[in-house]
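Numbered from 1 within each chain, the chains take letters A, B, ... in sequence-line order.
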Amino acid sequence: MVDPEIGPAVSCDGVVMSNEPVSSGLVRLDLELDQPLSFQPGQFAMLNLAGADPLVFSRPFSIFKADGRRMSFLYRIVGRGTRAMGALVPGDAMTFLGPLGRPFPQPETDQPVVLIAGGVGLPPLAAWLARRSDHPGLEIQAFFGARDGADVPWDLLDDRWDVSVDSLKDVPDGRRAWKGLVTDLAATSKDLQDGRNRMVLACGPTPLLKAAARFAEARGWGCWLSLEEHMGCGYGVCKGCVVPVLDPDKGPEARRNATCCQEGPVFNAELLAWKRPHRSQ
Amino acid sequence: MVDPEIGPAVSCDGVVMSNEPVSSGLVRLDLELDQPLSFQPGQFAMLNLAGADPLVFSRPFSIFKADGRRMSFLYRIVGRGTRAMGALVPGDAMTFLGPLGRPFPQPETDQPVVLIAGGVGLPPLAAWLARRSDHPGLEIQAFFGARDGADVPWDLLDDRWDVSVDSLKDVPDGRRAWKGLVTDLAATSKDLQDGRNRMVLACGPTPLLKAAARFAEARGWGCWLSLEEHMGCGYGVCKGCVVPVLDPDKGPEARRNATCCQEGPVFNAELLAWKRPHRSQ
Amino acid sequence: MSLPDWWTIDPNQPFTLGPRLFPGRIWTASGCFAYGLTGHDMKSANFTSPYQGLGAVVTKTVTPQPRAGNPMPRLAETPMGAINSIGLENVGFGEFLAETLPALERKGVPTVVSLAATRPDEFGDMVAMLHETAAGFTHWHGVEINLSCPNVAEGGHDFGRDPATVSACVRAARRNLPDRALLAKLTPNVTDIAELATAAAEAGVDAVSAINTVIGLEVDLETGRPVLPRRFGGYSGPAIRPIALAKVDEIVTRAGVPVVAVGGIGDFRDALKFFALGAVAVQVGTAQMRDPFAAARISRNLIRG
Amino acid sequence: MSLPDWWTIDPNQPFTLGPRLFPGRIWTASGCFAYGLTGHDMKSANFTSPYQGLGAVVTKTVTPQPRAGNPMPRLAETPMGAINSIGLENVGFGEFLAETLPALERKGVPTVVSLAATRPDEFGDMVAMLHETAAGFTHWHGVEINLSCPNVAEGGHDFGRDPATVSACVRAARRNLPDRALLAKLTPNVTDIAELATAAAEAGVDAVSAINTVIGLEVDLETGRPVLPRRFGGYSGPAIRPIALAKVDEIVTRAGVPVVAVGGIGDFRDALKFFALGAVAVQVGTAQMRDPFAAARISRNLIRG
Ligand SMILES: Cc1cc2nc3c(=O)[nH]c(=O)nc-3n(C[C@H](O)[C@H](O)[C@H](O)COP(=O)(O)OP(=O)(O)OC[C@H]3O[C@@H](n4cnc5c(N)ncnc54)[C@H](O)[C@@H]3O)c2cc1C
Ligand SMILES: Cc1cc2nc3c(=O)[nH]c(=O)nc-3n(C[C@H](O)[C@H](O)[C@H](O)COP(=O)(O)OP(=O)(O)OC[C@H]3O[C@@H](n4cnc5c(N)ncnc54)[C@H](O)[C@@H]3O)c2cc1C
Ligand SMILES: Cc1cc2nc3c(=O)[nH]c(=O)nc-3n(C[C@H](O)[C@H](O)[C@H](O)COP(=O)(O)O)c2cc1C
Ligand SMILES: Cc1cc2nc3c(=O)[nH]c(=O)nc-3n(C[C@H](O)[C@H](O)[C@H](O)COP(=O)(O)O)c2cc1C
Ligand code: FES
Ligand code: FES
């Protein structure tokens with residue numbers, strides 16, 4: 001796998017073009033930025049309300065799509081900031097800083113890839129998948145987990161995605177969903193039993209990431225995870241988002257703090273010091 | 001003159017029914033309260049944004065009209081709070097506390113009355129005038145001052161109002177405006193030269209109030225003024241809105257603090273200790 | 001709107017503070033609800049009155065002599081706070097004792113009398129007169145001595161910052177107040193508020209109230225001058241809540257005296273944060289100015305139902 | 001967007017602070033713009049870079065040894081402020097001197113180095129090494145000694161609260177810093193900040209920076225526990241601006257030492273309020289975290305014409 005080139009982040013303004021639910025739990029926000037921007041799947045942007053009283057901290061959101069000046073996000077309303085975002089209407093202004101962070105790697109060979117996304121972990125992996133459509137030879141299995149059928153943005157998922165749900169409620173006619181954890185769906189998938197060495201890319205809540213890492217490790221597969229850490233700045237200046245990682249240069253037991261916003265949010269699962277928690281000084 | 005009965009103030013919620021400009025500088029806000037309320041002209045309400053982060057202090061606005069649960073205000077956008085109000089759309093929620101304060105008095109005899117309103121001083125006097133329409137014997141002269149022709153809410157003023165403007169700009173066809181201060185318009189009005197003893201009621205910026213008081217005093221007429229003081233609570237608990245008034249019971253030189261929100265906003269001009277400023281302790 | 005699992009208290013259950021049983025844990029703060037009488041003119045479809053569910057009204061601070069207070073403007077608003085410089089305008093202890101407190105008793109308002117003075121013996125004298133005159137009152141529950149008003153010119157600035165002064169004032173008041181709760185209201189404008197709380201505890205308070213306003217200043221952009229004629233004022237409201245939480249935590253963990261918490265409480269969630277740290281009751285200040293039913297609403301919302 | 005009449009300064013006009021000429025009066029604050037290098041990856045259509053119009057970047061505070069900082073979470077947001085408990089995570093003075101400062105010099109970033117230590121002699125030693133190693137640097141303008149970090153466990157809490165300590169640290173640094181500006185960053189968490197400023201002035205600083213964060217606490221409603229593992233953190237952002245204005249005013253009027261103001265500055269209006277009180281320069285902290293161009297924007301908006 002190779003790390004894609006990442007360019008500078010841009011600070012600019014955006015105007016809300018649309019801000020509509022795509023499922024019971026997900027809202028799609030389309031911004032028109034004041035300049036065209038490209039991104040690498042896995043990168044995120046810091047968004048904020050424009051005007052006299054913005055949120056003290058901007059909020060990180062994975063970039064779902066970009067097309068010229070149009071940039072799209074999928075988000076879930078969870079707290080004060082996303083609640084305020086939910087009230088935005090077309091024409092409202094926002095501030096944007098991005099693209100930020102290191103993206104998911106791109107395979108250089110034809111090593112097959114497994115995508116595991118949970119809830120709002122969908123956008124970066126959907127973006128990754130969309131980017132591979134010009135690369136038809138690559139074998140990709142994509143798994144998406146949601147709360148129930150209503151929580152799944154069916155229209156945004158092409159048929160390459162296998163869907164799992166915590167509860168089988170509200171699955172629309174003509175759609176298929178498996179009941180259980182998305183990592184269990186992947187683990188039981190027949191397509192992954194052929195013994196080939198695969199690459200796992202995952203994004204979602206921490207329990208999902210840990211399960212995905214175990215899933216990959218059990219098979220000896222490489223694994224990249226996009227972490228969700230609380231962020232202050234999103235561009236590496238505050239040290240508010242650190243993740244303890246191994247520091248192999250300094251020895252097998254050595255740990256250091258990596259900034260999730262700059263060295264991540266996508267980390268090689270092998271480097272994460274999850275198992276033995278890092279002690280602060 | 002008699003003081004009208006004033007009842008208790010009510011704390012309730014309101015929903016914005018409309019919030020539209022009625023002139024270049026004035027916006028009319030119509031709220032539907034969750035209960036019907038009546039008021040006396042000159043009384044005001046404390047309004048605030050509903051939701052998680054209201055303004056720390058509610059803002060005082062004179063009541064312009066009330067009809068069942070519908071209550072109307074006219075306001076000018078001047079700062080943070082009124083700017084936020086300007087962004088409200090039908091369906092938005094507000095909080096309401098009112099009616100508050102002492103209203104303009106009502107004449108008991110047929111003593112003629114002069115109304116002098118400037119800018120956002122219009123609502124209480126327009127309300128007062130509307131309330132007198134069932135009292136046709138009373139002679140009322142009404143003067144309204146605005147910045148220019150565009151600033152005048154022509155459609156809200158019946159033809160009893162004489163209009164003055166600082167600049168003759170933008171006076172619509174078929175409308176009449178006099179260039180100069182509204183108090184000078186009153187002073188030069190032929191209708192007021194008949195030597196009868198009149199009563200002056202005024203509302204507007206402080207310079208207008210002072211001029212109105214001088215105008216009345218020069219003629220030996222009684223005068224009631226609605227003062228605009230910055231307010232914290234609007235219901236008499238914070239002492240943030242005090243106005244020094246004479247305290248004749250305690251002697252000719254005695255002063256005391258009156259709360260503008262509770263003993264006012266309408267004061268008898270004779271009681272105001274404007275000339276010799278009150279010394280704080 | 002749901003209450004967290006750890007919350008098990010009924011805020012309307014009477015609780016003991018020193019020698020008194022208070023009818024509840026949600027109070028209004030001094031200076032933000034006048035003398036506690038004005039609320040009777042206020043109506044709401046949701047409450048019988050602003051007093052519904054109130055544990056106590058802490059009166060506006062009363063001084064030995066009447067005070068006219070500071071010049072206007074007395075208030076400045078910031079995006080999440082207020083800065084006031086009222087200057088302790090009040091009717092004076094004489095009129096308060098003769099008229100206000102009896103009226104509160106008649107209306108059945110649970111009352112804590114806030115007192116300020118410049119010398120310990122003045123506190124002692126006022127408390128003695130209260131004790132004498134209001135001995136039979138059933139709704140008068142306590143005295144809060146205000147050791148912390150940053151707005152008063154005559155030395156008030158530094159008055160309550162010295163543990164020895166706190167101690168002397170508390171002792172003087174406690175001596176004459178055998179059967180009502182005695183609270184000391186502490187200033188946050190010190191290096192170590194726990195030290196003041198400890199001094200107050202040792203001198204015999206039943207609880208400390210924390211915090212009074214934080215010294216703040218606002219500038220008028222047009223003129224480049226402070227908005228308030230006295231330059232500084234007392235900063236209150238949501239913006240100071242994290243500071244109040246920190247100060248309350250310091251007192252609870254280091255001074256071991258019951259704390260009545262005040263500072264930026266506007267809704268039941270805010271109140272819960274202070275209870276979580278161990279406050280025994282809370283006071284609602286700036287939010288009560290905005291909404292006469294703020295404390296009543298908090299009280300109701302804290303009842304498990 | 002219009003500037004008030006009393007504003008006559010050009011923020012991009014060089015000005016003197018002690019032995020140095022600074023290129024401008026709008027700086028970034030320590031800890032909110034890392035070491036001042038990250039900004040080079042940021043673009044905007046309106047600015048050549050985040051450094052446009054900046055008078056100085058104050059680096060993240062550097063300590064004698066590297067520090068891993070505090071456990072996560074390190075940040076809590078309140079409606080108008082932030083509470084941080086980063087715990088002075090930094091690369092350590094050795095790496096800073098060998099790599100970071102030379103990189104800043106190469107990039108031409110006007111730099112003030114923020115230093116923290118637990119003993120006066122450590123300040124003296126670090127400053128001496130800076131003086132030796134970076135003597136020829138043209139963009140290194142000064143040192144800010146951080147006497148006020150409320151997040152550090154080992155006694156840091158009380159460190160800068162004592163005028164004698166302030167004095168000793170300033171003296172130790174000043175002795176070894178003949179030709180760069182020396183600033184002392186003061187804690188607001190004291191009864192009398194002007195006393196600290198006076199001590200710093202007498203010990204030889206060229207200016208004081210005020211204020212560092214205010215001690216604050218936020219509670220997690222679900223658990224009833226403080227959000228930050230260390231309970232307390234440093235409160236910053238718009239909510240503390242009235243407090244910073246008050247503290248700056250106290251220093252300006254009572255201590256007579258130049259003040260570099262910091263606390264809740266997010267736009268040019270906020271900056272003007274501090275200049276109105278007499279600040280010689282301002283620093284942008286929390287707002288710079290939200291927007292890498294915040295300080296550059298303020299600088300531009302303060303230019304007349
Ligand atoms: C790299 C990255 C990409 C993300 N992409 C998406 C996405 O595409 N769609 C989406 O819905 N969400 C995404 N999130 C999570 C999103 O940032 C949070 O849901 C959001 O910040 C919550 O803000 P709030 O004010 O509504 O919540 P509150 O809980 O009120 O926020 C309070 C504070 O906590 C922080 N915070 C709260 N929850 C999270 C969280 N899960 N992760 C990080 N910080 C949090 C907020 O930023 C804020 O500082 C992403 C997070 C990261 C780090
Ligand atoms: C009894 C009374 C009746 C009023 N009736 C009306 C009315 O009908 N229509 C109308 O447009 N305005 C009226 N006003 C003025 C109105 O209250 C202010 O314009 C409004 O508070 C400004 O708020 P802001 O946040 O936009 O301004 P800001 O200047 O940002 O407000 C900051 C603070 O100053 C106070 N303040 C600012 N200007 C005034 C002012 N002129 N009077 C009192 N307080 C002020 C605000 O309440 C707030 O506390 C009335 C004022 C009073 C006292
Ligand atoms: C307008 C106003 C007047 C106040 N007057 C007093 C007072 O007289 N005595 C006192 O002890 N505290 C007084 N306070 C302080 C409050 O009681 C309270 O301690 C402080 O405002 C913090 O709480 P809050 O954020 O809920 O307002 C006053 C506060 C305000 C805003
Ligand atoms: C995340 C964060 C980290 C900080 N780190 C430091 C630091 O290392 N050294 C220091 O002197 N101040 C530090 N500060 C304090 C700021 O420099 C500044 O004094 C304070 O935040 C008030 O300014 P503001 O409101 O503009 O942020 C930090 C502040 C924040 C928010
Ligand atoms: S969020 Fe500030 S360093 Fe990562
Ligand atoms: S505004 Fe509070 S007493 Fe009048």
Side-chain angles (χ1 to χ4, degrees), chain B residues 6-13 33-37 46-59 79-81 84 95-101 227 229-244 247 254-262 277-281, chain C residues 28 31-47 50 60 65-82 84-90 152-154 227 229-230 236-239 266-267 269 285-294 296-297:
Chain B
I6 52 175
V10 171
S11 162
C12 67
D13 296 320
L33 303 179
D34 56 23
Q35 57 188 281
L37 285 179
M46 298 296 285
L47 300 183
N48 210 326
L49 314 170
D53 297 320
L55 301 166
V56 171
F57 294 141
S58 298
R59 301 293 195 252
R80 202 169 150 264
T95 60
F96 171 97
L97 179 68
L100 292 159
L227 304 193
E229 258 311 339
H230 285 221
M231 291 184 177
C233 66
Y235 71 103
V237 297
C238 76
K239 297 281 178 187
C241 66
V242 296
V243 178
D247 196 358
R255 301 281 181 281
R256 64 179 187 85
N257 283 335
T259 48
C260 181
C261 67
Q262 226 183 3
H278 176 74
R279 283 196 177 276
S280 82
Q281 153 170 347
Chain C
T28 59
C32 301
F33 204 44
Y35 302 105
L37 291 167
T38 318
H40 288 286
D41 303 330
M42 302 288 135
K43 296 267 173 281
S44 154
N46 305 314
F47 299 91
K60 173 74 193 171
Q65 300 304 317
R67 293 179 54 93
N70 286 339
M72 292 282 290
R74 294 173 167 190
L75 296 170
E77 199 202 54
T78 67
M80 276 285 150
N84 88 80
S85 170
I86 306 293
L88 283 191
E89 169 166 349
N90 75 93
V152 183
E154 62 248 42
V227 170
R230 290 274 158 96
S236 67
D267 67 20
R269 292 181 198 84
T286 304
Q288 189 71 13
M289 289 168 57
R290 181 173 60 223
D291 173 8
F293 296 87
R297 200 182 311 277

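Contacts of C:Met42 with chain B are made by both backbone and side-chain atoms, with heavy-atom separations under 4.5 Å. Contacts between C:Pro229 and chain B at a heavy-atom distance below 4.5 Å are absent for every atom of the residue. Neither the backbone nor the side chain of C:Ser236 comes within less than 4.5 Å of any heavy atom in chain B. Only the side chain of C:Phe293 comes within contact range of chain B, with at least one heavy atom under 4.5 Å from a heavy atom of that chain.
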| task | Decide yes or no on side chain to side chain contact (heavy atoms under 4.5 Å, CB included) for C:Arg290 and B:Thr95, but give the supporting numbers first. | result | CA-CA 10 Å; C:Arg290 181 173 60 223; B:Thr95 60; 5.9 Å; no
| said: Run the side chain to side chain contact (heavy atoms under 4.5 Å, CB included) test on C:Leu75 and B:His230 for me, step by step, so that the C-alpha distance in whole Å, both residues' side-chain angles and the decisive distance to 0.1 Å come before the verdict. | reply: CA-CA 8 Å; C:Leu75 296 170; B:His230 285 221; 5.8 Å; no
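The choice from C:Lys43, C:Met80, C:Lys60, C:Gln288 that makes the most heavy-atom pairs within less than 4.5 Å of chain B is C:Lys43. Heavy-atom pairs under 4.5 Å with chain B peak, among C:Pro73, C:Gly81, C:Gly36, C:Pro238, at C:Gly81. Most heavy-atom pairs under 4.5 Å with chain C: of the set B:Gly7, B:Cys12, B:Gly240, this distinction falls to B:Gly240.
Note that the CG atom of B:Leu55 and the CD atom of C:Glu77 stand 5.5 Å from one another [nearest 0.5 Å]. For the atom pair SG of B:Cys238 and CD1 of C:Ile86, the computed distance is 5.5 Å after rounding to the nearest 0.5 Å. Between the CE atom in B:Met231 and the CE atom in C:Met289 there is a gap of 12.0 Å [rounded to 0.5 Å].
In terms of heavy atoms, B:Tyr235 sits closest to C:Asp291 at OH-C, 4.3 Å. Considering all non-hydrogen atoms of both residues, B:Val237 and C:Cys32 come closest at CG2-O, 3.4 Å. Contact record, B:Ser11 with C:Arg297: OG-NH2, 4.5 Å, taken as the closest heavy-atom pair. Counting all heavy atoms, side chain and backbone alike, B:Val56 lies closest to C:Thr286 at CG1-CG2, 3.6 Å. Summarising the geometry of B:Gln35 relative to C:Ala45, their closest heavy-atom pair is NE2-CB, 4.0 Å, with the distance given to 0.1 Å.
The side chain to side chain contact (heavy atoms under 4.5 Å, CB included) check on B:Ala52 picks up nothing, with sequence neighbours excluded.
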